[in-house]
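We name chains A, B, ... by the order of the sequence lines, and we start the count at 1 in each one.
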Amino acid sequence: QLVSKRLLREEVNGDGQLCLTSTQLFVFHQVLQLLRDVQRGREERKKLLSRLRQGLQHKETQQKFVRLEGSMRVLIGLFTSSLANIQMEAARCLHELSHSCDPAVAEACLPATSYLLTYLSGHSVEFTELCLYTLGNLAVESDAVRKQLLPQGIIPALASCIQSPHVAVLEGLGYVLSQLLQATEAPTKIIPLVLDSVLPQHMLRLVSSNLELGMGVAVEFAWCLHYIVCSHVNNALLISQGIVSTLVLLLLELASVMSKAATEGLELLICPVLRCLSNLLVEDETEGCKVQIQDERLLVALFLFMQYFLQQHPFLVQECLWLLNNLTADEPFFCSAVLTLDLLPALLQLLSCSRMVTLLALTVLCNIAEKGPAYCYQLHQKAVLPSLLSTLALSDAQVVGQSLELLHLLFLHLPEAADDFLSQAGLQALEQHQDNPQLQERVRALSETYLQPAAASLISCAGASAAVLPSS
Amino acid sequence: MLLPPDLSVSLRVERPLLPVRPRTPPRAPFCFSPSRLRFHRQHEFFEDGDIHRHLYLQDILTNVTEVTERSKVSEFCCHIVGCCQVFDTLEGYEHHYNTLHRNMCSFCKRSFPSVHLLDTHILEWHDSLFQIMAEKQNMYQCLVEGCAEKFKSSKDRKDHLVKVHLYPSDFRFDKPKKAKNSTKNNKPSSKLDVSMPMDVNVETYEQSQVDSMEICPSESVENPTQPMSGPISSLQEKKLYKSRIPSTVCFGQGASRGFKSMKKKV
């Protein structure tokens with residue numbers, strides 16, 4: 001009694017400006033009681049733990065709790081109790097602690113991790129779910145926790161747990177994994193272990209399953225796959241397990257579902273999948289795993305996504321365009337499909353969006369134009385020039401520069417494009433950039449190589465006498 | 001053959017691929033060359049999408065923390081013979097069953113959190129062949145899933161668990177099997193070990209028995225005349241065991257009985 005009173009007094013004095021609420025003080029006192037009062041019945045103890053849990057939602061109480069000698073030992077002891085409801089309440093308290101942004105609190109939970117992992121092979125859904133989220137929170141906050149979790153066998157534990165049929169457990173597992181995979185040491189320490197286990201094939205299965213039941217599980221594993229793929233540790237393995245076709249088919253399914261029902265959070269699933277495919281397309285041919293996709297339905301899906309999300313989630317448009325770039329860069333298949341599926345007008349519309357979107361759209365157009373005269377012809381037919389005149393009026397040097405590259409490709413393959421450009425006051429549009437150091441060389445090259453000769457031939461065609469040629 | 005009528009039409013449906021000109025390098029000062037773009041993990045291109053992901057997770061975590069009100073049903077009792085624990089939610093019952101009854105050793109009635117630990121326990125405690133083989137080869141399997149190491153003794157295994165797997169040295173589910181007086185074997189200032197379902201009085205924890213690899217409700221019921229931490233291996237101990245209150249008796253009442261007797265010991 002005396003001890004507890006003294007402790008309380010110390011806390012109040014020691015903290016100066018910190019004003020403990022009466023709830024916190026009460027909880028604090030109860031915690032001390034917990035250590036000594038063993039006569040209480042089960043219900044009482046459960047109530048105490050409930051109160052403690054509520055108190056632990058406050059940062060200061062969390063910090064005080066972990067500093068109080070013996071408190072974590074007691075809590076972990078209760079966490080390993082055979083009384084199921086006590087265990088559950090203790091687990092909730094641990095979970096509250098795991099939310100703390102104070103790394104000291106996370107580290108105070110270190111003794112609990114071996115038990116958290118042991119309980120992952122249990123069968124109580126809610127309890128397992130709680131353990132998973134607690135582990136995920138702890139893993140994010142603290143290097144020390146991750147350094148311990150790996151030798152304690154978290155990856156094999158997750159590899160077993162992923163075979164659970166319960167959606168809540170799978171979602172929690174996806175969460176833990178996604179947090180681990182984002183660690184700075186993940187590419188060297190964690191991803192190799194994950195790739196060595198059965199986790200990848202289960203992730204591929206789960207990313208395209210359960211869509212009717214809600215996308216939570218798929219979302220988590222899609223992000224997991226993104227973190228693995230963008231680290232480029234061993235994408236060849238994933239490719240051999242069929243990741244490309246799995247993800248393409250998933251996007252097709254999402255595109256067809258999208259128009260029918262308003263699906264919450266769809267963009268959170270689509271985003272990481274797009275990123276995976278874009279990065280997978282960059283895999284090295286020398287490794288023997290260069291990725292080729294030849295399904296034009298994917299193109300349709302991408303444009304449907306862009307249309308659907310342009311207003312609400314514009315970030316997704318640039319993600320779609322990144323994939324579109326990677327699809328159109330090397331192979332003419334998708335370049336051709338953009339034109340023959342009449343998707344060019346939509347692409348041109350994107351030239352008036354954000355800077356990144358405009359830039360990427362221009363790059364895609366360059367990819368198409370680079371394929372040759374047949375492509376440039378189509379571009380020209382479908383009115384690419386007026387759009388280019390608009391982008392030339394912008395002030396961003398990179399955007400203008402990419403526009404110049406596109407003009408170059410058009411003029412190179414299609415001389416008549418230069419004539420039309422001239423007649424649409426293109427020269428003036430160019431001239432405004434002739435003093436910009438980043439642009440002037442290319443402006444001059446366009447003028448001299450294509451526009452002036454075109455102007456000259458126009459004049460000579462018109463039969464006019466030799467007029468003074470515009471000086472360069 | 002039962003082919004669809006306009007199957008041959010789909011032969012022609014394939015969109016024509018526009019003819020491609022062979023790629024040539026760009027002519028200076030132009031520098032564009034189509035290339036597949038790669039963005040590394042931390043690239044700012046990912047920022048917007050990552051923010052969305054973060055916000056989504058915040059939502060999820062808030063939901064997890066909120067304690068779901070489970071629908072209550074009319075009170076019912078655990079159906080395991082001798083266990084009279086009462087429940088008013090299905091989830092409560094499920095968790096109780098999984099904790100106490102699901103992975104229970106039929107020999108000594110101890111409960112384990114997983115099948116894996118139960119199997120290891122049965123092998124090491126109740127399989128006489130194991131003891132014989134353990135003399136000749138390393139039989140004590142590492143408890144960590146995915147680790148194939150085996151050891152010649154329980155102690156070696158524990159050392160391995162602590163050193164390699166960074167397990168706590170007082171890991172509840174790895175106590176050595178000790179037949180007799182274990183007070184000497186207990187670490188004198190051992191950490192609080194809540195092997196009993198009830199909280200252990202701080203003053204008496206040194207006397208509390210250190211249970212081996214199990215959650216044992218029966219321990220709380222029984223009044224041990226010796227601080228027994230091992231399994232019942234000798235006949236004499238078996239007799240003692242049988243004469244006690246059956247292990248599966250409702251620990252609600254039994255526990256306080258057990259506790260009271262513990263107190264008397266002190």
Side-chain angles (χ1 to χ4, degrees), chain A residues 35-36 38 73-74 77-78 80-85 87-88 92 95 111 114 118-119 121-124 126-127 133 148 151-153 156-157 160 223 230-231 265 268 271 279 281-282 315 319 322 325-326 329-330 332-333 336-337 339-340 366-367 370-375 405 408 441-442 445, chain B residues 15-21 23 29-30 32 34-41 45 48-49 52-53 56 60-61 64-65 67 91-92 94-96 98-100 102 111 113-116 144-147 164-168 171-173 191-194 197-202 215 217 252 259:
Chain A
L35 284 173
R36 278 152 186 71
V38 287
R73 267 204 312 275
V74 171
L78 294 169
T80 54
S81 159
S82 60
L83 279 172
N85 54 358
Q87 184 183 46
M88 193 67 175
R92 290 191 183 120
H95 181 73
S114 57
T118 306
Y119 289 135
S121 44
H123 294 266
S124 305
E126 189 183 349
F127 186 67
Y133 280 102
Q148 183 166 285
Q152 284 183 343
S160 297
W223 284 91
C230 72
S231 303
L268 282 154
C271 175
N279 268 319
L281 280 165
V282 186
F315 76 88
E319 309 263 358
W322 174 28
N325 171 74
N326 286 9
D330 297 334
F333 180 83
S336 192
L339 298 168
T340 54
C366 286
N367 289 348
E370 190 266 350
K371 300 295 179 289
Y375 296 78
E405 298 283 345
H408 167 244
E441 269 192 56
R442 288 181 280 184
Chain B
R15 278 173 222 289
L17 187 67
L18 295 169
V20 190
R21 212 199 64 147
R23 181 174 285 193
F30 299 98
F32 177 78
S35 64
R36 300 184 180 190
L37 292 169
R38 170 200 288 222
F39 292 126
H40 66 79
R41 279 158 61 96
F45 183 82
D48 283 347
H52 258 83
R53 161 70 174 164
Y56 169 81
I60 299 269
L61 291 172
V64 169
T65 318
V67 180
E91 289 79 9
E94 179 196 42
H95 189 41
H96 158 82
N98 289 331
T99 312
L100 266 181
R102 190 180 198 120
S111 287
S114 70
V115 167
H116 173 62
V144 172
E145 213 161 333
C147 180
V164 174
H165 295 296
L166 308 183
Y167 264 50
F171 187 63
R172 254 203 92 166
F173 307 118
K191 301 182 180 72
L192 192 63
D193 179 20
V194 190
M198 309 326 268
D199 291 355
V200 178
N201 190 311
V202 168
I215 310 160
F259 174 76

- [ ] Before giving the answer on side-chain contact (heavy atoms from CB on, under 4.5 Å), spell out for A:Asn326 and B:Leu37 the whole-Å C-alpha distance, their side-chain angles and the decisive distance to 0.1 Å.
- [x] CA-CA 6 Å; A:Asn326 286 9; B:Leu37 292 169; 3.8 Å; yes

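B:His95 contributes atom NE2, which lies 4.0 Å from atom CD of A:Gln87 (distance to the nearest 0.5 angstrom). Note: A:Leu83 CG to A:Leu78 CG = 9.5 Å, rounded to the nearest 0.5 Å.
Relative orientation of the B:Phe45 and A:Trp322 rings is perpendicular, given thresholds of 30° and 60° on the angle between their planes.
For A:His123, the parts lying under 4.5 angstrom from a heavy atom of chain B are both the backbone and the side chain. Looking at B:Val164, the atoms closer than 4.5 Å to chain A (heavy atoms on both sides) all sit in the backbone: N, CA, C or O. Looking at A:Asn279, the atoms closer than 4.5 Å to chain B (heavy atoms on both sides) all sit in the side chain, from C-beta outward. The contact between A:Leu281 and chain B is made by backbone and side chain atoms together, counting heavy-atom distances below 4.5 Å.
Between chain B and the options A:Cys271, A:Gly153, A:Pro332, the largest number of non-hydrogen pairs under 4.5 Å is found for A:Pro332. Taking chain A as the reference chain and counting heavy-atom pairs below 4.5 Å, the highest number among B:Arg21, B:Glu91, B:His52, B:Arg53 is found for B:Arg53. Options B:His40, B:His116, B:Arg102 differ in how many heavy-atom pairs under 4.5 Å they form with chain A, and the most are formed by B:Arg102. Among B:Asp48, B:Ile60, B:Asn98, the residue with the largest count of heavy-atom pairs under 4.5 Å with chain A is B:Asn98. Ranking A:Pro111, A:Gly122, A:Cys366, A:Pro373 against chain B, the residue ahead of the rest is A:Cys366, based on heavy-atom pairs under 4.5 Å. Chosen from A:Glu319, A:His408, A:Gln148, A:Met88, the residue pairing most often with chain B at heavy-atom distances under 4.5 Å is A:His408. Of the residues considered (A:Glu441, A:Arg442, A:His95), A:Arg442 shows the highest number of contacts with chain B, using heavy-atom pairs under 4.5 Å. Ranking A:Gly372, A:Ala157, A:Ser160 against chain B, the residue ahead of the rest is A:Ser160, based on heavy-atom pairs under 4.5 Å.
Legend: residues meeting salt bridge (Lys or Arg N to Asp or Glu O under 4.0 Å) with A:Asp330, ordered by chain and number and at least two apart, are A:Lys290, B:Arg23, B:Arg36. By the side chain to side chain donor-acceptor pair (under 3.5 Å) test, A:Ser114 pairs with no residue at all, sequence neighbours left out.
Contact check on A:Arg92 versus A:Glu126 returns a salt bridge, with a Lys/Arg side-chain nitrogen under 4.0 Å from an Asp/Glu carboxylate oxygen.
No donor-acceptor distance shorter than 3.5 angstrom exists from the side chain of A:Asn325 to the backbone of B:Pro34, with no hydrogens or angles considered.
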